[in-house]
Amino acid sequence: MADSTPERYDPDRIEKHWQARWDQEGTNRFTRAELEEAREPFYNLMMFPYPSAEGLHVGNIYAFTGADVHGRFHRLQGKDVFEPIGFDAFGIHSENFALKVGTHPMDLIPANVANFTRQLRRIGGMFDWDHTVDTTAPDYYRWTQWLFLQLFKGGLAERKEAPVNWCPSCMTVLANEQVVAGLCERCDSAVEQRRIAQWFFRITDYAQRLLDNLETLDWSDTTRKAQENWIGRSEGAILRFPVLGVEATDELIRSVTDSGEVEEGARDRDLLLEVFTTRPDTVFGATYMVLAPEHPLVDALTTPEQQEAVAAYRERVGRMDVVARKKVEKEKTGVFTGGYCRNPATGEPVPVWVADYVLMEYGTGAIMAVPGHDERDFEFARSFHLPIPRVVAGPDQGADTPLEEAYTGPGTLVNSGEFDGLEVERAKEAITRRLEEQGLAQLRVNYRLHDWCISRQRYWGPPIPIVHCDRCGAVPVPEEELPVILPRVEDFKPDDSGVSPLARVREWYETDCPECGSPARRETDVSDTFLDSAWYFLRYPSTDRDDVPFDPAITRRWLPVDAYIGGNEHAVLHLLYSRFVTMALHDLGHIDFEEPFTRFRAHGLIVREGAKMSKSRGNVIVPDPIIEEYGADTFRLYLMFLGPFEEGGDYRDSGIQGPFGFLKRLWETVVPVEALGDEEPDPEVERKLHQTIRQVTRQLPELGYNTSIAAMMEYLNTVRAGGRKAVRAEVEPLVVMVAPFCPHMAEELWARLGHEGSVFDGANWPGFDPEKAKEEQVTLAVQVNGKLRGTVELAPGASQDEALALARAEENVSRHLEGVELRRVIYVPNRLLNLVVG
RNA sequence: GCGAAAGUGGCGGAAUUGGUAGACGCGCGAGACUUAGGAUCUCGUGGCCUCGUGCCGUGGGGGUUCGAGUCCCCCCUUUCGCACCA
């Protein structure tokens, strides 16, 4: 007891002790009743991890700690903070790893989840372990399947044969979002095009709303911008070019109309080739047209003489992989079909070409080429010696100014008949309106966004709950029969057949049609992992309900999510899909909000010694040994201290000494609590304290962690300055301010200071008194002609005259005033006095 | 190519948004106290010199202003998105 040697800071003991206590006392857990009755619900969400075999990496810990600090801060201010965590364990990632190590994912995942759970507990997150999800658990993916059925019934899920991105290495289709520069996002293989019947979600129906709502969201700008770009709205027009010399058959008409309907009388009119353009104003300069090689009209337009050449070209393009095809720098290639259309503006016939620089998946898969005012068309026209007329004149240009390159700037129309002289923007309108009168144009907004292909020809995912019946077609599995259990299949290796490994399991896929009872076949594709994560935040508060996906009352109370923190790598994928699913559920009447995440902040990336971390570089930070050596509190504090949370930071191994030393000093300042004085705080220290509380209270909600920590360090330096002894009132508020970062340390000190229970139970965040934060003296910078010549001390709010008098008394200032005239005095109270002389 | 962000000591990074540039921390240097604890404490630490409270200094060059890291224009570099999107 009366040990003379002071007690050392022992993070390991303290942290284990408090983690056990939080567990025992349910400090971070909510009961059903608590969720139902929470007065100030605050849903603090972080992106759940994929439980890899390697365990948590620093990036995870960085993100989770930042989110946890945010949640703990709000809790200390009296909010009921719900902070769940779970595991996103389905998907190709897990499956490929399982294949690599030769262990079944059903065995592998539980082990990984257990390891992650251990690590997540060890870092001291405020997680509610009674409300956790594992996307691979049947009682979770049952509801993922339910979600699919709701969208299906709402007409938002449809099966269609479509060209899809096929990764020959992963042997599955990929969503557009998962193809990066023509390569598979996961394995970097060149993606191929295949036509396979796939399930799609009609996210494009929501394109405009997804775009419009962005403005209402409190999100990181970079993330909103990424979504905006991804949705890729562009305004323009559909123009229709009558096809010359081709009879309009029903089949041809159907192939080029959206609806697939043949309108009354359409057969007697010209067949029309539709193009999308953002520059209808340049239609007079459209001297040729280009079809994508896959365009349905290619065959009809190709003349017998050109048949061979066109077929050869299409074959060549078809063989080419998508990367090669999408390479921008390559020379433009193409071939003439022999066919012609009539330019609706000039009435002139224009030749129709086929070229791979026109993509079937964008717009209508056909363009009018305006070589004079489009860089790609210009390049193509050059290669094939096609005419390049000018139809727009920029400033200092005339109708006959030669075109050395495509002119895409502003200007007025030339060589465009009656529209000559119109400014570009007005010409767009005028020309479109004119052509519209003839049924040859229509304003159109086009989006880059495509429908979301959710089918995966793989094993490790939730089976899509559909039964294919020869008589009834695609029939949804009745909701009461969910989940459709993913069977344990030992041979789950994918193959190149274009169907899932489940298609090899006859006893599984053979079933009866839920509608007519005749023999039928289950859908053997599984759904995309992004579907699992597109709704998990709805499930967390309701994990104890096995009869509904989410409890209506609890959902109303807790959602939308108040604060969401995660990586910007999910800026377009996960976040866009989650928004879409939420909107769809809203429209289908399941929830009363349409945006899932009120506030989203993307955290930065951690690099190490200035270099990106990667396994191949061998410079990854392994967290466990660091935590073992310094404790979770120090590790958390250091990670948050590295740099601005939203920008990331550079992890330097030696840097951890700073935060560790800070905690040690804090410990030594407080710990023999009997030695703390009980008297009033020192006025200087108290002033600094209130300034610190003010700063930290303002910065924490804005994720200004590094500067908040710096402020607390500064304050502790003040408390200990000159080896002085602290009094209780000086350190107790600091203990609370440190708590979001170092919860174990804070709990321990809080208890030793004589408090019952957890520091996080109760609104213990210190308040500040602006009066007490006020300086008695301020230092005023004195400049002469903008150059610093001295400083003077005076009372805050002192008058200019007082300041001037004091400044004149400064020798170094007065020296610069000698022999010159004082022309002007600039006085910024409490900050600066600038004397302009000359 | 388009879009966005960022360039500040040996290093990570601050700067109340136009008002003393370099807080806080790492590292480094000097000292005090220690026979022990990865300590702790004090002082110093942008560059230059003629060591004056002097000059220069926030990627480079101009500009606005009493005053610019901060605002404007041009250029350079880096990072990250998107990329033949019509």
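We name chains A, B, ... by the order of the sequence lines, and we start the count at 1 in each one.
- Minimum atom distance to the side chain of A/Asn706 is reached by B/G13, of the listed B/A86, B/G13, B/C82.
- A/Arg665 comes within contact range of the sugar-phosphate backbone alone, with a heavy-atom separation under 4.0 Å but no base atom that close.
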Could you run down the sub-3.5 Å N/O contacts of the protein with nucleotides 66-69 of chain B?
residue: B/C66; atom: OP1; partner: A/Arg824; partner atom: NH1; Å: 3.0
residue: B/C66; atom: O2'; partner: A/Asn834; partner atom: ND2; Å: 3.4
residue: B/C66; atom: O2; partner: A/Asn834; partner atom: ND2; Å: 2.4

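- Counting only residues at least two apart or on different chains, the salt bridge (Lys or Arg N to Asp or Glu O under 4.0 Å) pairs with a member in residues 365-374 of chain A are A/Asp374-A/Arg376.
- The strand RNA chain B forms stems, runs of 3 or more Watson-Crick or G-U wobble pairs with distances below 3.5 Å, at B:1-7 with B:76-82, B:10-12 with B:24-26, B:27-32 with B:40-45, B:46-48 with B:54-56, B:59-63 with B:71-75.
- Under 4.0 Å is where a charged nitrogen must lie from a carboxylate oxygen, and between A/Asp281 and A/Arg279 at least one such pair does.
- Comparing B/U17 with B/G9, their C1' atoms sit 23 Å apart, to the nearest whole Å.
- Residues satisfying the salt bridge (Lys or Arg N to Asp or Glu O under 4.0 Å) test with A/Lys664, not counting sequence neighbours, are none.
- Of the candidate nucleotides B/A39, B/A86, B/G25, B/G25 has the atom lying nearest to any side-chain atom of A/Met713.
- Closest-nucleotide positions on RNA chain B for A/Arg815 and A/Thr791 were compared, and the one nearer the 5' end corresponds to A/Thr791.
- The salt bridge (Lys or Arg N to Asp or Glu O under 4.0 Å) test applied to A/Glu776 returns A/Arg687, not counting sequence neighbours.
- If you take atom C1' in B/A68 and the same atom in B/C80, they sit 28 Å apart, rounded to whole Å.
- Of the candidate nucleotides B/A86, B/A83, B/G12, B/A86 has the atom nearest to the side chain of A/Phe276.
- Counting any heavy atom pair closer than 4.0 Å across all strands shown, A/Ile367 reaches a base atom.
- Near RNA chain B, meaning a heavy atom under 4.0 Å away, the residues from residues 219-228 of chain A are A/Lys225.
- Ring orientation note: the planes of A/Phe380 and A/Tyr357 are tilted relative to one another, at an angle of 30° to 60°.
- When the shell of 6.0 Å around CZ of A/Arg724 is examined, it contains more than 12 heavy atoms from other residues, nucleotides or ligands.
- Among B/G38, B/C11, B/C82, the nucleotide with an atom closest to any side-chain atom of A/Arg652 is B/C11.
- B/G57 and B/G52 have their P atoms separated by 22 Å, given to the nearest Å.
- Place A/Tyr630 and A/Lys787 on RNA chain B by their nearest nucleotides, and A/Tyr630 ends up nearer the 5' end.
- Here the side chain of A/Ala781 is nearest to one of B/C41, B/U20, B/C24, namely B/U20.
- The side chain of A/Asp374 lies closest to B/A86, out of B/G38, B/A86, B/U20.
- Residues forming a ring pair (Phe, Tyr, Trp, His ring centres under 6.0 Å) with A/Phe378 (at least two apart in sequence, or on another chain): none.
- Using C1' as the reference atom, B/A15 and B/U58 are 11 Å apart when rounded to the nearest Å.
- For residues 702-721 of chain A, every residue pair satisfying the salt bridge (Lys or Arg N to Asp or Glu O under 4.0 Å) rule, not counting sequence neighbours, is listed here: A/Arg599-A/Glu702, A/Lys688-A/Glu714.
- For B/G25, the base has no donor-acceptor partner in the side chain of A/Tyr638 [N/O atoms by modelled type, under 3.5 angstrom].
- Ion pair A/Glu228/A/Lys225 flagged as a salt bridge, since at least one NZ, NE, NH1 or NH2 atom sits closer than 4.0 Å to an Asp/Glu carboxylate oxygen.
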Under-3.5 Å N/O pairs linking protein and nucleotides 43-51 of chain B:
none

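- Nearest nucleotide to the side chain of A/Leu359, out of B/A86, B/U53, B/C41: B/A86.
- Straight-line distance between the P atoms of B/A21 and B/U35: roughly 46 Å, to the nearest whole Å.
- Within the nucleic acid shown, A/Asn717 comes within 4.0 Å of sugar-phosphate atoms alone, with no base atom in reach, counting heavy atoms only.
- Within the 4.0 angstrom heavy-atom criterion, no nucleotide atom of any strand lies near A/Thr364.
- In this structure, A/Glu771 pairs ionically with A/Lys774, as a charged nitrogen and a carboxylate oxygen lie closer than 4.0 Å.
- Salt-bridge check for A/Arg808 with A/Glu810: failed, with every basic side-chain N at 4.0 Å or more from each acidic carboxylate O.
- Checked against the 6.0 Å centroid criterion, the rings of A/Phe635 and A/Tyr630 do not qualify as a close aromatic pair.
- Ranking B/A23, B/G38, B/U20 by closeness to the A/Leu788 side chain, first place goes to B/U20.
- Within the nucleic acid shown, A/Glu609 has no heavy atom closer than 4.0 Å to any nucleic acid atom.
- Here the side chain of A/Tyr362 is nearest to one of B/A86, B/C84, B/G38, namely B/A86.
- Among the nucleotides B/A86, B/A23, B/C11, the one closest to any side-chain atom of A/Ser234 is B/A86.
- Base contact: A/Arg448 has a heavy atom under 4.0 Å from a base atom.
- If you check the side chains of A/Gln699 and A/Thr707, you find a donor sitting under 3.5 Å from an acceptor.
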Between protein and nucleic acid, restricted to nucleotides 27-33 of chain B and to nitrogen or oxygen atoms under 3.5 Å apart, what atom pairs and distances do you find?
none

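- Applying the salt bridge (Lys or Arg N to Asp or Glu O under 4.0 Å) test to residues at least two apart or on different chains, none of the pairs has a partner in residues 779-790 of chain A.
- Applying the salt bridge (Lys or Arg N to Asp or Glu O under 4.0 Å) test to every pair with at least one member in residues 647-659 of chain A, sequence neighbours left out, gives these pairs: A/Arg608-A/Asp653, A/Glu609-A/Arg652, A/Asp650-A/Arg652.
- Between the side chains of A/Tyr447 and A/Ser234, not a single donor N or O lies within less than 3.5 Å of an accepting N or O.
- Aromatic rings from A/Tyr638 and A/Tyr651 are positioned such that their centres are separated by under 6.0 Å.
- Using a 4.5 Å cut-off on side-chain heavy atoms (C-beta onward), A/Val370 and A/Phe284 make no contact.
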